[in-house]
Amino acid sequence: MNAESNNREIAANAEAPATESPNPASVAVAAAQPAAAPPPPPLRIPWWIPASAVAVVALVIIFGIRSRVNAEASVTRATHEAAIPIVTVVHPVADAPLQEIALPGNTVAFIDAPIYARTNGYLKRWYFDIGSPVKKGQLLAEIETPEVDQQLQQARADLETAQANYNIAKITASRWEFLVSTGSVSQQETDQAKSDLTAKKAAADSSASNVRRLEELQSFEKIYAPFDGIITARNTDVGQLIDAGASSPRELFHLASINKLRVYVAIPEVYSRAASNGSTATLTLDEFPGEIFKGTLVRNANAFDAANRTLLTEVDVDNPKGRLRPGAYVFVHFKLPESITSVTIPSNALLFRKEGLQVGVVREGKVELVSVKMGRDYGNSVEIVSGVTASDPVIVSPPDSLISGTPVKIADQHAGD
């Protein structure tokens with residue numbers, strides 16, 4: 001403490017003005033004291049300390065900006081991902097190569113004809129009812145035709161008159177030809193006699209034709225079966241008026257020949273190669289479970305129906321025992337070439353567009369609409385014969401607004417397992 005006081009005094013004395021005379025005592029004291037130490041140098045902060053502080057602040061700012069940018073990019077990415085629709089897909093199930101197809105058809109009689117009356121009158125009696133088998137030429141019914149009978153009698157009388165006139169004209173003409181050769185009559189009178197003979201002959205021929213016409217009408221009093229068959233309808237009864245000249249005549253009977261049946265089947269275009277004339281087809285009916293009826297494909301239309309793209313074919317089936325009936329619903333089985341293969345997809349995967357039947361397939365994360373051809377319809381699923389394969393992921397329940405090129409994500413179908 002004393003040393004510090006002495007130093008302060010020496011410093012104060014040193015700063016005093018030079019005009020003052022030094023105090024001897026002070027000088028002696030100062031001489032007796034040791035010399036004062038120099039002042040310490042000022043403190044200096046190292047350069048790296050502020051540089052470090054600036055670097056820290058810069059890093060904080062940079063990391064803050066980067067985290068904000070990353071957050072915005074993450075939000076944008078999440079928004080874009082949320083905008084991509086999520087779809088459920090299935091892979092088509094590959095079927096074995098088709099050996100045959102079964103198509104619905106209806107049986108019809110080989111010959112089917114309505115029976116009408118050709119003369120007017122009243123039904124006298126009928127001999128066969130519905131379900132009765134008849135042979136060709138058998139009498140089905142009789143009609144009373146009193147007016148036709150009277151007209152026929154009148155026509156026959158007119159024919160006798162015309163025949164008598166023709167005979168006398170023939171005799172007269174022959175006589176005039178003899179007399180003109182002797183000069184007893186003129187040529188003019190002879191020519192008139194010949195002309196009268198020609199006219200009388202024409203009148204007699206006309207009367208004969210009228211008689212034959214009425215005889216034909218009278219023969220229509222009896223209605224005969226035109227072919228072997230079964231009476232499938234009887235639309236008349238005893239005493240009913242028969243008007244053959246009506247604008248809409250009444251059908252008396254309906255006759256069907258069922259010893260052989262026709263089956264008309266519409267074959268889809270994709271299976272048209274099975275429609276080969278002369279090929280064998282088999283029929284199955286729910287009425288006869290386990291039984292098979294054989295038929296032959298006899299003809300096809302050779303042209304596809306423009307509306308539903310099918311080929312109309314006819315299959316003939318022998319039915320000697322009459323077990324099959326016209327109008328029965330049957331399934332017709334056709335053999336197919338082994339080259340025809342198919343896959344099965346759910347029915348709700350189909351899209352009905354103006355371009356035709358399509359499905360949505362996911363390829364490289366985007367939708368591609370593919371046109372397909374459908375085979376058989378199983379209800380919940382359908383057969384596809386061309387357009388997709390078993391490896392294609394097909395979109396199930398696609399929205400109607402789906403278009404090609406739309407990015408999609410496939411749903412994780414095992415998330416809930």
Side-chain angles (χ1 to χ4, degrees), residues 108-174 193-262 322 326-327:
V108 297
F110 195 78
I111 305 176
D112 187 85
I115 309 300
Y116 293 94
R118 287 289 292 118
T119 187
N120 299 328
Y122 295 91
L123 190 72
K124 183 178 181 180
R125 62 175 62 90
W126 52 266
Y127 297 98
F128 294 96
D129 210 340
I130 60 172
S132 301
V134 297
K135 295 294 183 179
K136 180 179 179 179
Q138 277 192 302
L139 182 62
L140 302 180
E142 293 184 54
I143 301 174
E144 289 182 332
T145 58
E147 294 180 356
V148 175
D149 296 341
Q150 295 300 319
Q151 290 174 4
L152 179 57
Q153 292 181 10
Q154 181 182 357
R156 286 172 175 167
D158 292 340
L159 176 59
E160 292 178 0
T161 301
Q163 192 68 40
N165 293 333
Y166 169 69
N167 291 334
I168 191 63
K170 184 177 181 181
I171 295 172
T172 302
S174 177
K194 289 182 179 179
S195 297
D196 184 62
L197 173 62
T198 303
K200 293 299 194 296
K201 184 179 185 302
D205 291 342
S206 176
S207 297
S209 297
N210 189 38
V211 170
R212 289 193 295 269
R213 179 183 67 84
L214 292 171
E215 286 176 345
E216 289 291 333
L217 285 177
Q218 191 181 52
S219 69
F220 292 141
E221 292 177 350
K222 299 182 185 298
I223 301 174
Y224 299 97
F227 52 84
D228 296 350
I230 300 292
I231 300 295
T232 60
R234 177 180 61 82
N235 300 315
T236 188
D237 211 339
V238 175
Q240 189 168 15
L241 175 64
I242 307 299
D243 186 3
S247 59
S248 299
R250 180 188 295 272
E251 176 186 323
L252 304 184
F253 298 94
H254 202 98
L255 186 61
S257 176
I258 64 172
N259 288 333
K260 180 181 287 188
L261 297 180
R262 305 177 192 265

Requested in this report: Using atom types as modelled and distance alone, determine if a side-chain donor or acceptor of S207 lies under 3.5 Å from a backbone N or O of A203.
Outcome: yes
Query raised in the report: Does a sphere of radius 6.0 Å around CD1 in I130 hold more than 12 heavy atoms from other residues, nucleotides or ligands, not counting ones at 6.0 Å or beyond?
Result: no
Query raised in the report: Any side-chain heavy-atom pair from L140 and W126 closer than 4.5 angstrom?
Result: no
**Report entry** From L197 atom CG to N167 atom CG, the distance as rounded to the nearest 0.5 Å
**Finding:** 9.5 Å
**Report entry** Any side-chain heavy-atom pair of D196 and T172 under 4.5 Å
**Finding:** no
Report task. Using a cut-off of 6.0 Å, state whether more than 12 heavy atoms not belonging to Y127 lie near its atom OH. Result -> yes
Query - Closest non-hydrogen atom pair between R234 and F128, with its separation - result: CD-O, 3.8 Å
**Report entry** N235 side-chain N/O to E251 backbone N/O, donor-acceptor pair under 3.5 Å
**Finding:** yes
Query raised in the report: Looking only at heavy atoms, which two atoms of P326 and A109 are closest? And how far apart?
Result: CB-N, 3.8 Å
Report task. Applying side-chain hydrogen bond (donor to acceptor under 3.5 Å, both in side chains), name anything that partners D243, two or more places apart in sequence or on another chain. Result -> none
Query raised in the report: Can you tell me how far the CD atom of Q240 sits from the CD1 atom of I143, to the nearest 0.5 Å?
Result: 10.5 Å
Query raised in the report: Any side-chain heavy atom of I230 within less than 4.5 Å of one from P133?
Result: yes
Query raised in the report: Using a distance-only test with no angle check, is there a side-chain donor-acceptor pair under 3.5 angstrom linking H254 and D112?
Result: yes
**Report entry** Interatomic spacing from CG in L123 to CD1 in I242 - rounded to 0.5 Å
**Finding:** 5.5 Å
Report summary line: Tightest non-hydrogen contact, residues Y116 and P249, listed as CE2-O, 3.6 Å
Query - Flag side-chain contact, heavy atom, 4.5 Å: L261 against F110 - result: no
Requested in this report: Can you see which heavy atom on A244 is nearest to which on N120, and at what distance?
Outcome: N-OD1, 2.7 Å
Query raised in the report: Considering all heavy atoms of both residues, which atom of F253 and which atom of A141 are nearest to each other, and what is their separation?
Result: CE1-CB, 3.8 Å
**Report entry** Polar side-chain atom of N210 near backbone of S206 as donor-acceptor pair, under 3.5 Å
**Finding:** no
Requested in this report: Give, for atom CG of L252 and atom CD1 of I231, the distance between the pair rounded to the nearest 0.5 Å.
Outcome: 10.5 Å
Sequence neighbours excluded and cut-off under 3.5 Å, please list the side-chain donor-acceptor pairs for residues 146-160, or say none.
unit_1: D149; atom_1: OD1; unit_2: Q218; atom_2: NE2; d: 2.7
unit_1: R156; atom_1: NH2; unit_2: E215; atom_2: OE2; d: 3.2

Report task. Heavy atoms only: give me the nearest R118-F220 pair and the separation to one decimal. Result -> CB-CD1, 3.3 Å
Query raised in the report: Has the side chain of S132 got a donor or acceptor atom that lies under 3.5 Å from a matching backbone atom of D129?
Result: yes
**Report entry** Separation between CG of D205 and CD of Q163, rounded to the nearest 0.5 Å
**Finding:** 8.5 Å
Query raised in the report: With sequence neighbours left out, what residues match K222 under side chain to side chain contact (heavy atoms under 4.5 Å, CB included)?
Result: L139, E142, Y224
